[in-house]
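Note that this is a predicted model, so its numbers are computed, not measured.
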Amino acid sequence: QVQLVESGGGLVQAGGSLRLSCAASGIIFRINAMGWYRQAPRKQRELVAAITSGTSTNYADSVKGRFTISRDNAKNTVYLQMNSLKPEDTAVYYCNFEVYGVAGLKDYWGQGTQVTVSS
């Protein structure tokens, strides 16, 4: 019914930048909220950034001032601009949408995209 497709991951040097994208397709009545999560090796998945339907945002302390989340409602897309990347940012990044659709309110996840930051 709803599918999220991520892109933009890759390998960069410390101090570099990447821009992640996540686009939803399918029958969507409304997207309530969007977020980015990451899971590093041997660590629990954690919330990186989120943006609500009211456009308020919140960030993990570790990325404040370096990452920016934004959304394009016309494209059903969320972005994560990552600047001043550090090796500790290395992880698989997942987007998450809360979507009102045919089946009501459902939670959807992207397939994950690898971000690797070398020192």
(message) As an exercise, state the distance from CG of Leu18 to CG of Asn83, rounded to the nearest 0.5 Å.
(response) 9.5 Å
(message) So which atom in Leu4 and which in Ala24 form the shortest heavy-atom distance, rounded to 0.1 Å?
(response) CD2-CB, 3.4 Å
(request) Could you tell me which non-hydrogen atom of Gly101 sits nearest to which non-hydrogen atom of Phe29, and how far apart they are? (result) O-CE1, 3.4 Å
(message) Less than 4.5 Å apart, side chain to side chain, heavy atoms only: is that true for Lys106 and Val99?
(response) no
(request) Starting from the C-alpha separation in whole Å, work towards a yes-or-no answer on side chain to side chain donor-acceptor pair (under 3.5 Å) for Glu88 and Thr90. (result) CA-CA 5 Å; Glu88 51 263 44; Thr90 295; over 6 Å; no
(request) Measure from NZ or CZ of Arg38 to the centre of the six-membered ring of Tyr94 and say whether it is under 6.0 Å with the direction within 45° of the ring axis. (result) no
(message) Between Thr116 (side chain only) and Leu11 (backbone N and O only), is there a donor and an acceptor less than 3.5 Å apart?
(response) no
(request) Report yes if the side chains of Ile31 and Arg71 come closer than 4.5 Å at any heavy-atom pair, otherwise no. (result) yes
(request) Can you measure from CD (Gln81) to CZ (Arg19) and round to the nearest 0.5 angstrom? (result) 5.5 Å
(request) Determine, for Asp89 against Lys86, whether the closest basic-nitrogen to carboxylate-oxygen distance falls under 4.0 angstrom. (result) no
(request) Mind checking the OG-CZ spacing from Ser84 to Arg66? Nearest 0.5 Å is all I need. (result) 7.0 Å
(request) Specify the closest pair of heavy atoms between Val5 and Gln111, including all atoms of both residues, with the distance to one decimal. (result) CA-OE1, 3.7 Å
(message) Grouping I, L, V, M, F, W and Y whenever their side-chain heavy atoms are under 4.5 Å apart, do Leu80 and Phe97 come out in a common cluster?
(response) yes
(request) Kindly compute the distance separating CG (Leu85) from OG (Ser17), expressed to the nearest 0.5 Å. (result) 6.0 Å
(message) A quick test of your reading: do over 12 heavy atoms of other residues, nucleotides or ligands sit less than 6.0 Å from CD of Gln1?
(response) no
(request) Report yes if the side chains of Phe67 and Ile69 come closer than 4.5 Å at any heavy-atom pair, otherwise no. (result) no
(request) Rounded to the nearest 0.5 Å, what's the gap from CH2 on Trp36 to CD on Glu46? Could you check? (result) 14.5 Å
(request) Decide yes or no for Thr52 and Asn32: does some side-chain heavy atom of the first lie under 4.5 Å from some side-chain heavy atom of the second? (result) no
(message) Could you tell me if Gln3 and Ser25 have a donor-acceptor pair between their side chains, going purely by distance under 3.5 Å?
(response) no
(request) Indicate, with yes or no, if the rings of Tyr37 and Trp109 have centres closer together than 6.0 Å. (result) yes
(request) Check whether any side-chain heavy atom of Asp107 sits under 4.5 Å from a side-chain heavy atom of Asn96, and report yes or no. (result) yes
(message) I'd like to know if Val48 and Val12 are part of one continuous hydrophobic network [Ile/Leu/Val/Met/Phe/Trp/Tyr, side-chain heavy atoms within less than 4.5 Å].
(response) yes
(request) Report whether Val78 and Val2 are members of the same hydrophobic cluster (ILVMFWY, side-chain heavy atoms less than 4.5 Å apart, transitive linking). (result) yes
(request) Treating Ile, Leu, Val, Met, Phe, Trp and Tyr as nodes and any side-chain heavy-atom pair under 4.5 angstrom as an edge, say whether Met34 and Tyr59 lie in one connected cluster. (result) yes
(message) Rounded at 0.5 Å granularity, tell me how far CD in Glu6 sits from SG in Cys22.
(response) 5.0 Å
(request) Following the transitive rule for hydrophobic clusters with a side-chain heavy-atom cut-off under 4.5 Å over Ile, Leu, Val, Met, Phe, Trp and Tyr, establish whether Val117 and Val63 coincide in one cluster. (result) yes
